[in-house]
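Notes follow once the structure below has been shown.
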Amino acid sequence: MTAESFAPKSDFIRVLQERGYIHQASDLAGIDALAAEGGLTTYTGYDCTAASLHVGHLLSIMMLHWLQQTGGRPVVLMGGGTTRVGDPSGRDETRKILTLEQIEANKEGIKKTFSRFLSFGEGGGEAVMVDNAEWLTKLNYIEMLRDIGRHFSVNRMMSMDSVRLRLERDQELSFLEFNYMILQSYDFVELNRRFGTRLQMGGSDQWGNIVNGIDLGRRMGTPQLYGLTCPLLTTASGAKMGKTAAGAVWLDAGMLSAYDYWQFWRNTEDADVARFLKLFTLLPLSEIDRLAALQGAEINEAKAILATEATRLMHGAEAAEQAAETARKTFVEGTLAASLPSVAVPRSVLEAGLGVLTAFGPEHAKLVPSTSEARRQIKGGGLRVNDVQVSDEKAVLGLSDLTAEGVIKLSFGRKKHVLLRPE
RNA sequence: GGGGGAAUGUCCCGAGCGGCAAAGGGGGCGGACUGUAAAUCCGCUGCGUAAGCUUCGUAGGUUCGAGUCCUACUUCCCCCA
């Protein structure tokens, strides 16, 4: 039975299906039946490999959001324990081993994101957050081998994608990583015992780990467990979502400003707009259908709405409106928006004269990583001061370059702008 | 434990008779065209506002000169046990 032809009884599965979240499910009818009964407890795990989650994680967070909206109970599992091991899934090489301090710091950073999407608390439908370090770090090796390890067949583990691909390519797979799937499987069983969790959701690269958890549950006597994955997100032209030149598209405002986040969504390819509206906004499908019908340049309206709605979810309405307004002034009116990112520079420096190379470089605007890069970009016509292309790398900025607003606008390419503010 | 091979421009892959800031490709960035899109074309892709400086796993050595030759070490891969 394919996801497309299935007629769901539960609101939860209906929404996921309509909006395109479902990639694979262990037993869609079974999950649907459970969800229809109400109170379906579902978990998704997040490893603490960075100080913030990025857009790649957003799909699964949205699924948890819809779960809660449709009467289910989300369990957010922080991988404080599993991160110490490192998931080999979808990885060509061993992950860097993180220190316990790093993992703890990352965990604290990641936690903040979830409160935007889920409502946490003690009640029946309230979301819960737990850390698998709580039980994984207490495992005793021999006991673990006897109670859990005996249910795993090495023959079968070797056939799992996460292991097989490494072996086929002659890439190292340490015994440490080899154990990851056992720990994740055990998490599922443990969460069933603690919270009655019946369903695990995750990205499509987690399928193997999830299926193993279902099997382990059967062998260890849990009720029937289920798995559901969402597609790995790529853009229509095939690039991985969420990686830009500047790095990952972080969800945490401290690592990526609301304005940059808005810009990320605004720059969506035409072919992705409808799909992303369904996945990353809460707009009703009827509205999305209307926006998706827009053609040519009009589709930009849909992109702006996508950006504002997605930013509203992540950073709040105020930040989203402000980002939209800043973008409108900058790109549509071509005027100078006071809310563009700005960098303070001592007035005395401007009085003495500030070389353009330095102004754009890492010391001030940070638009380019080095002054050598600034020099190259000037040759290529990529740098502008107050919207005038810089042609001379020896040019010097001074107080006379201040605009009526009392700032100097530096631009790198068409899209990246920074205001220098004297102080 | 024995034998063989490999480490190249801090994104990846990858060429490199002793004169090399080092071929080529991917990716990325910029420009043009557009609609803050895609596709296409062009340019750039070590640091330095200059003279110049620092790169080819690490440390020594040979040489006027070393990514290239020699020695040791480190890491990885393959074959045998």
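Convention: sequence-line order gives letters A, B, ...; per-chain numbering from 1.
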**OP:** Figure out the CZ/C1' separation between A:Phe412 and B:rU36, and round it to whole Å.
**Re:**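 Atom CZ in A:Phe412 sits about 15 Å away from atom C1' in B:rU36.
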Subject >> Whole-Å distance separating the CG atom of A:Asn300 from the P atom of B:rG35 >> reply: 9 Å
Original post:
Do A:Trp66 and A:Leu282 come within less than 4.5 Å of each other through their side chains, counting heavy atoms only?
Top reply: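 Yes, at least one pair of side-chain atoms sits under 4.5 Å.
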**OP:** May I ask which nucleotide in the shown strands pairs with B:rU36, Watson-Crick or G-U wobble, both distances under 3.5 Å?
**Re:** none
Subject >> Base-pairing assignment for B:rC69 (Watson-Crick or G-U wobble, both under 3.5 Å) >> reply: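 The answer is B:rG61, by the H-bond criterion.
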Original post:
Does the side chain to side chain donor-acceptor pair (under 3.5 Å) test come out yes or no for A:Ser286 and A:Asp289, once each step is laid out?
Top reply: CA-CA 5 Å; A:Ser286 56; A:Asp289 286 341; over 6 Å; no
Subject >> Carboxylate-amine/guanidinium contact A:Glu143 A:Arg146, below 4.0 Å >> reply: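 Answer for the salt bridge query: no.
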Using a heavy-atom cut-off of 4.0 Å across all strands, would you classify [X] as base, sugar-phosphate, or nothing?
{"X": "A:Gly413", "answer": "sugar-phosphate"}
{"X": "A:Gln263", "answer": "base"}
{"X": "A:Thr268", "answer": "sugar-phosphate"}

**OP:** Kindly write out the residues that satisfy side chain to side chain donor-acceptor pair (under 3.5 Å) with A:Ser10, not counting sequence neighbours, or none if the list is empty.
**Re:**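 Testing A:Ser10 for side chain to side chain donor-acceptor pair (under 3.5 Å), a comparison that skips the adjacent residues, returns A:Asp32.
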Original post:
What do you reckon, is CD of A:Glu318 surrounded by more than 12 foreign heavy atoms closer than 6.0 Å?
Top reply: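 Count not over threshold, so no.
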**OP:** Flag yes if more than 12 heavy atoms outside A:Glu363 fall under 6.0 Å of its CD atom; otherwise flag no.
**Re:** no
Euclidean distance for [atom1], [N] against [M] (whole angstrom):
{"N": "B:rC47", "M": "B:rU62", "atom1": "P", "result": "34 Å"}
{"N": "B:rU63", "M": "B:rU54", "atom1": "P", "result": "22 Å"}
{"N": "B:rC79", "M": "B:rU58", "atom1": "C1'", "result": "27 Å"}
{"N": "B:rC73", "M": "B:rA6", "atom1": "C1'", "result": "16 Å"}
{"N": "B:rA22", "M": "B:rC42", "atom1": "P", "result": "23 Å"}

Original post:
Which residue, A:Lys416 or A:Arg266, contacts RNA chain B at a nucleotide closer to its 5' end, judged by nearest heavy atom?
Top reply: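 Residue closer to the 5' terminus by nearest nucleotide: A:Lys416.
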Original post:
What residues in residues 368-384 of chain A put a non-hydrogen atom under 4.0 Å from any atom of RNA chain B?
Top reply: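 Under 4.0 Å from RNA chain B: A:Ser370, A:Thr371, A:Ser372, A:Arg375, A:Arg376, A:Gln377, A:Gly380, A:Gly381, A:Gly382.
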Original post:
Do A:Gln184 and A:Gln206 get their side chains close enough for a donor-acceptor pair, meaning under 3.5 Å?
Top reply: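 There is such a pair (donor and acceptor under 3.5 Å, judged by atom type) between the side chains of A:Gln184 and A:Gln206.
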